[in-house]
Amino acid sequence: DTAVSQTPKYLVTQMGNDKSIKCEQNLGHDTMYWYKQDSKKFLKIMFSYNNKELIINETVPNRFSPKSPDKAHLNLHINSLELGDSAVYFCASSQTSGLLYEQYFGPGTRLTVT
Amino acid sequence: QQQVKQSPQSLIVQKGGISIINCAYENTAFDYFPWYQQFPGKGPALLIAIRPDVSEKKEGRFTISFNKSAKQFSLHIMDSQPGDSATYFCAARTYNQGGKLIFGQGTELSVKP
């Protein structure tokens with residue numbers, strides 16, 4: 001019954017590797033997001049997709065590439081991982097019709113780059 | 001102008017007391033102000049939200065007070081309980097930016113029994 005799910009929950013990898021994080025939502029929402037939470041717990045948006053179309057692309061290195069195969073899925077692929085990529089990555093979703101646009105967050109993926 | 005400033009960074013309150021967390025913003029285009037609660041190892045969860053045409057919203061023990069002219073809003077937790085111990089984030093959104101939320105820096109609340 002999980003609304004927004006992410007896999008894996010933990011990801012430990014070495015510098016230079018390529019890794020992917022997957023996100024799925026079963027809320028029927030049309031918009032999905034990736035946020036990064038750093039070691040000081042600051043949350044910052046990275047990307048947003050609406051109906052599979054990229055609508056927000058913040059200042060994120062080109063090594064990060066989101067992909068949305070359908071409205072319910074948003075994956076994040078990271079090339080050539082660096083130490084500074086270590087963080088918790090959260091997927092979120094919302095429905096853009098209606099007034100409030102509540103965003104629902106997944107449980108997070110803790111990425112550790114060694 | 002896109003920033004949301006949150007204070008205090010950390011807060012210790014006795015059980016039964018009132019916890020107050022404050023946020024300030026500059027961008028008058030913000031049209032939606034949610035508060036999120038995050039427990040360790042979990043994702044942020046929406047707690048309560050307000051639109052700028054309302055000065056106060058209450059849900060159970062949680063109240064948002066909104067001062068549009070001062071561009072400030074605050075979260076009040078009445079009768080604080082140890083189970084409220086978590087990190088709280090205020091946020092703001094502009095309608096025409098795809099739902100992007102700008103988060104405050106977070107407040108780590110500890111409620112002592």
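Just so it is clear, the structure is predicted and the values come from calculations on it, not from any experiment.
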Can you hop from [X] to [Y] via hydrophobic side chains spaced under 4.5 Å?
{"X": "A:Met15", "Y": "A:Leu111", "result": "yes"}
{"X": "A:Tyr35", "Y": "A:Met46", "result": "no"}
{"X": "B:Leu75", "Y": "B:Ile20", "result": "no"}
{"X": "B:Leu47", "Y": "B:Leu11", "result": "yes"}
{"X": "A:Tyr49", "Y": "A:Ile21", "result": "yes"}

inquiry  = Below 4.5 Å, heavy-atom pairs only: which of A:Glu58, A:Arg110, A:Gln6 has the largest tally toward chain B?
reply    =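 Ranked by contacts with chain B, first place is A:Glu58.
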
request  = Answer yes or no: is there a side-chain heavy-atom contact under 4.5 Å between B:Leu101 and A:Tyr33?
outcome  = no

inquiry  = Can you tell me which portion of B:Pro34 sits under 4.5 Å from chain A's heavy atoms? Options are side chain, backbone, both or neither.
reply    =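 Neither part; nothing is under 4.5 Å.
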
message = Counting only non-hydrogen atoms closer than 4.5 Å, does B:Lys100 touch chain A with its backbone (N, CA, C, O), its side chain (CB onward), both, or neither?
response =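 It is both, since atoms from each part get that close.
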
Should we count [atom1] of [X] as having more than 12 external heavy atoms under 6.0 Å?
{"X": "B:Lys15", "atom1": "NZ", "result": "no"}
{"X": "A:Lys22", "atom1": "NZ", "result": "no"}
{"X": "A:Asp70", "atom1": "CG", "result": "yes"}
{"X": "B:Glu56", "atom1": "CD", "result": "yes"}

Straight-line distance of [X] [atom1] to [Y] [atom2], nearest 0.5 Å:
{"X": "A:Gln103", "Y": "B:Arg93", "atom1": "CD", "atom2": "CZ", "value": "8.5 Å"}
{"X": "A:Glu102", "Y": "B:Leu46", "atom1": "CD", "atom2": "CG", "value": "6.0 Å"}
{"X": "B:Phe103", "Y": "A:Gln37", "atom1": "CZ", "atom2": "CD", "value": "9.0 Å"}

Part of [X] lying under 4.5 Å from any heavy atom of chain B:
{"X": "A:Lys9", "value": "side chain"}
{"X": "A:Ile56", "value": "side chain"}
{"X": "A:Ser94", "value": "neither"}

request  = With chain A as the partner chain, list the residues of residues 104-113 of chain B whose heavy atoms fall under 4.5 Å from it, by residue number, and write 'none' if nothing qualifies.
outcome  =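 So the qualifying residues are B:Gly104, B:Gln105, B:Glu108.
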
